[in-house]
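Only a predicted model underlies this, so the values are computations on that prediction, with no experimental measurement involved. In what follows, chains carry the letters A, B, and so on, assigned in the order in which the sequence lines appear, proteins first and then strands, with residues in each chain numbered from 1. Only this structure's heavy atoms are used, side chains among them; waters, hydrogens and symmetry mates stay out.
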Amino acid sequence: MNARRVARRVLRNPLGLVPAVVLALIVLAVLCAPLLSPQGPAVASLRDSFGGPTGGHPLGFDSAGRDVLARLLHGGRNTLGGALLALAVALVVGVPSGLVAGYRGGRFDAAASWTANLVMALPAMVVLLASRAILGPTVWVLMVVLGVLIAPSFFRLVRGTVAGVRNELYVDAARVSGLRDARIVARHVLVVVRAPVIVQTALVAGIAIGLQAGLEFLGIGSGDTPTWGAMLNEAFANIQRAPAMMVWPGLALGLTSASLVLLAAALRDALEGRGADPVRRRRPATASTASTAPAGDGGDRAGLLSVRDLAVSYLLPDGTVREVVRGVDLDVREGEIVGLVGESGSGKTQTAFSILGILPEGGHVSRGSVTVDGREVVGLPERGHRALRGTVVAYVPQEPMSNLDPSFTIGAQLTEPMRYKLGISRAEARRRALDLLRQVEIADPERVLASYPHQISGGMAQRVLIAGAMSCDPRLLVADEPTTALDVMVQAEVLGLLRRLQRERGLGVLLVTHNLGVVADVCDRVAVMHEGRVVETGTAERVLHDPREPYTRTLLDAVLDQVPARPPLKGRTP
Amino acid sequence: MTTDDVTGDNLLEVADLRVSFPGRGWRAPAADVLNGVSLAVRPGETLGLVGGSGSGKTTLGRAILGLVPVRSGTVTFAGERIERATARRRRELSRDLQVVFQDPYTSLNPSLTIGDTLAEPLLAQGVPAAEARRRVGGLLDRVRLPPDAADRLPREFSGGQRQRVAIARALALDPKLIVCDEPVSALDLTTQRTVLDLFLEIQERTGVSYLFVSHDLAVIRFVSHRVAVLRRGAIVETGDTAEVTERPAHPYTRSLMLAAPVADVAWQRERREAFERSAYRENSSAERK
């Protein structure tokens, strides 16, 4: 469907174009072997043995007086053909079994995975040597065996990908739509598997060629068929006499393998939509130039956090610039909770990120000023931000679970920043961590400290993150939808906790939220954002009761709190 | 508290449904997600299913749809027992039993056009391709999407528009019951309202029933004729919406109602104080997951 676009992206990437051209030339030359060869690959005249290049024989002759070019071209047929056969076998064995195992799971999956692991554990060379002894020295048979040996790499790849897709809601929806499994696989699953399999194929092709050449080099293939590996073997035997004979088969093998690996990488970049887009390389005109604009014109600015005329822009891959925040003014004083409200895409999170200096790649502050505790942070280098984070400004994210590292205990994650930031001992950090957990109303801090993130609930994880944010005694907390992922009851408790911290510690909080109920519950003041601008600011009471801007009114009208309950269904049944 | 009015003319009846998920690790005990849930939905009715996270409300919807295996109990749909329906029977049931999922971003296949997604259930039921294409236009119209949407990919649409596509897909086969699993909780406030209005309008027009799962009481009040409150895999209270949400009989329901913040400073202050007083605070911090 978008194969053409992928091809175009690969060919536009120089690291994709060159190997693609090289491979195409090699394949073309090998296919046209009978036309290009000056003579048959087996035609030998001892008179010419080790003969140098002549007019009709540009690469000269080998030890038996056979034309090197002819052997190279015909050998390529066998080498590439053999690799192709191995690849086809691997695909035929690996992909369908991976599909079934990943989609169905259960016993087939267990048996197939077990088999795949077993085959992967076998040393390929030894099996190939053994099968040659049993099945005879035909290249093609050995290639089939090789195909079976590399099939598990496809099996595992496909199985893993499919098992991930199987849990997607659209697969469930297709099932509820009444689709047969085969059809679901064909329509919804194969598409996802396609890209990684293509990349893997290019990689495995390189490996297959290498293994095949290795076998031939060891003299295990059939002696009379010309292959690149056999040519290497022959050249090696005569390395004292004619060392240059190594060059051509070596070059052919090296070029093919390198091209395949590079092509695989370019394919992956193209299919996954990443990699070097030339435009993105240009450094955006950073805010350091823009921030020289005097910041003092904004009237009286709050001491803790003050944002004036902030603009955030993103440089898009096609070279255009999109402004997502356009001139935001915002103040947070000590001991004040300010709500930053808006719908998705309003720029509220981008505003919060620029305060913390954590805008994602491609985004930058293009205008304006942000002062935290009196210090300008726009244009501040990362080191300056790092000094502020934790001790002056701290962050509470939306998704508590994904912001805790599953492989460390809560204790380790809480004490590490304190030891780094405050330079205190392990024991002291632990004592403080216990204290913090008690402050965020965790009943059993000792146990929580020893727990891993998966052992605690989402509400508790959010308390832990708030404790972590408070650990270095910041004066400003930036909380991005801190209760959105939580249950309403837990939300009420976490909001109560924020209110208490504000009251007891004089903490200033910038609370990013889409929920007007949350604003009514905890915020002193609120700023309503729409399309990158603050459209209305005021006390929470005033804005919620007496909105002056039409957009704020639209938002409040959409709130369902006051809507009467739907009456029960009238007895419609006969 | 009214008991569940299980009468002969219910469209869907769930009786003593139990679902458990296998425990993790060798010989680990199974985790019970639903512990004997009973409920009924009449034709043309919306039953709101509300509960905290982990209460089992999503699992209940999935068990009815046959997406998770049932351990015991019965699911009766239009007089037929379907809790152990065969794969073939399930495919036939999809005419009458449909779903709208929560996340409009993952419930549509990103690589299929909207038209392909909408035609899928029709083609699966043997509708000829030309006829299916014609009906896709009608479906888009019913959910107020422009006809040219059929040729576009999901990524070109906003969350609210995608959810309209998901609703259109559910409507494609004119089902009798749609399980709505938090269908508006990923949407913005203003979008949420218009999508809810669409749900009501479709119900008025087609007489479809909804089992409407949500954690948001305001949403539940707006769409439901009756409400069932689920807690830890069991129903604690069922009744008419006004009854349950305004005069809750169970302390858990009362706390749940009070916990949801309202966009009014004075009223919210009262509710907050009432919540903090309420006997039934789910002390989640003492609870181990």
Quick one, [X] and [Y] - any side-chain contact, counting heavy atoms below 4.5 Å?
{"X": "A:Arg187", "Y": "B:Leu112", "value": "yes"}
{"X": "B:Arg42", "Y": "A:Leu569", "value": "yes"}
{"X": "B:Ser94", "Y": "A:Arg175", "value": "no"}

### Message
Out of A:Ala520, A:Gly496, A:Ala173, A:Ala174, return the one with the most heavy atom pairs under 4.5 angstrom to chain B.
### Response
A:Ala520
### Query
In terms of heavy-atom pairs under 4.5 Å with chain B, which of A:Asp172, A:Thr484, A:Asn515 leads?
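The candidate making the most pairs under 4.5 Å is A:Asp172.
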### Summary
For residues 100-107 of chain B against chain A, heavy atoms under 4.5 Å, the residues are B:Phe101, B:Asp103, B:Thr106, B:Ser107
For [X] against [Y], the heavy-atom pair lying closest together:
{"X": "A:Ala492", "Y": "B:Ala259", "answer": "CB-O, 4.1 Å"}
{"X": "A:Ser177", "Y": "B:Gln98", "answer": "CA-NE2, 3.8 Å"}
{"X": "B:Gln268", "Y": "A:Gly517", "answer": "CG-O, 4.5 Å"}

For [X], which atoms come within 4.5 Å of any heavy atom of chain A: side chain, backbone, both, or neither?
{"X": "B:Val227", "value": "neither"}
{"X": "B:Glu92", "value": "neither"}
{"X": "B:Arg62", "value": "side chain"}
{"X": "B:Ser158", "value": "neither"}
{"X": "B:Ser224", "value": "backbone"}
{"X": "B:Arg193", "value": "side chain"}
{"X": "B:Asp116", "value": "both"}
{"X": "B:Leu256", "value": "both"}
{"X": "B:Arg169", "value": "side chain"}
{"X": "B:Leu122", "value": "neither"}

Evaluate whether atom [atom1] of [X] has more than 12 neighbouring non-hydrogen atoms of other residues, nucleotides or ligands under 6.0 angstrom away.
{"X": "A:Arg180", "atom1": "CZ", "value": "no"}
{"X": "A:Arg104", "atom1": "CZ", "value": "no"}
{"X": "B:Arg88", "atom1": "CZ", "value": "no"}

Using modelled atom types only, decide if a donor and an acceptor are shared between the side chain of [X] and the backbone of [Y] within a distance under 3.5 Å.
{"X": "A:Glu541", "Y": "B:Val265", "result": "no"}
{"X": "B:Gln125", "Y": "A:Gly178", "result": "no"}
{"X": "B:Asp188", "Y": "A:Ser344", "result": "yes"}
{"X": "A:Arg183", "Y": "B:Ala124", "result": "no"}
{"X": "A:Asp561", "Y": "B:Ala263", "result": "yes"}

Below 4.5 Å, heavy-atom pairs only: which of [options] has the largest tally toward chain A?
{"options": "B:Asn109, B:Thr241, B:Val262", "result": "B:Asn109"}
{"options": "B:Glu120, B:Glu45, B:Arg95", "result": "B:Glu120"}
{"options": "B:Thr194, B:Thr190, B:Leu123", "result": "B:Thr190"}
{"options": "B:Val219, B:Val223, B:Leu65, B:Thr245", "result": "B:Val223"}

### Query
Where do B:Asp264 and A:Leu544 land on the side-chain contact (heavy atoms from CB on, under 4.5 Å) test, with the steps shown first?
CA-CA 6 Å; B:Asp264 180 305; A:Leu544 293 179; over 6 Å; no
#### Entry: Distance, nearest 0.5 Å, that separates CZ of B:Arg91 from CG of A:Asp181
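Those atoms lie 7.5 Å apart.
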### Task
Please test A:Asp487 against B:His215 for side-chain contact (heavy atoms from CB on, under 4.5 Å), starting from the C-alpha separation and ending with a verdict.
CA-CA 8 Å; A:Asp487 213 74; B:His215 70 283; over 6 Å; no
### Query
What pairs with A:Asn167 under side chain to side chain contact (heavy atoms under 4.5 Å, CB included), at least two apart in sequence or on another chain?
none
Sort [X] into side chain, backbone, both or neither according to what part of it lies under 4.5 angstrom from a heavy atom of chain B.
{"X": "A:Asp557", "answer": "backbone"}
{"X": "A:Val176", "answer": "both"}
{"X": "A:Pro567", "answer": "backbone"}

### Query
Passes side-chain contact (heavy atoms from CB on, under 4.5 Å), A:Arg566 versus B:Leu200? Steps please.
CA-CA 11 Å; A:Arg566 197 174 180 192; B:Leu200 293 192; 3.2 Å; yes
### Query
If you look only at pairs with a residue in residues 511-525 of chain A, which of them pass as a salt bridge (Lys or Arg N to Asp or Glu O under 4.0 Å), with sequence neighbours excluded?
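Of all non-adjacent pairs touching residues 511-525 of chain A, those that pass salt bridge (Lys or Arg N to Asp or Glu O under 4.0 Å) are A:Glu336-A:Arg525, A:Arg499-A:Asp521, A:Asp521-B:Arg272.
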### Message
Checking B:Leu196 against A:Leu560 for the side-chain contact (heavy atoms from CB on, under 4.5 Å) test, could you report, in this order, the C-alpha distance in whole Å, the side-chain angles of both residues, the deciding distance, and whether it holds?
### Response
CA-CA 11 Å; B:Leu196 287 175; A:Leu560 294 169; 3.5 Å; yes
### Task
Could you note down all residue pairs passing ring pair (Phe, Tyr, Trp, His ring centres under 6.0 Å) where residues 171-198 of chain A supplies at least one of them, sequence neighbours left out?
A:Tyr170-A:His188
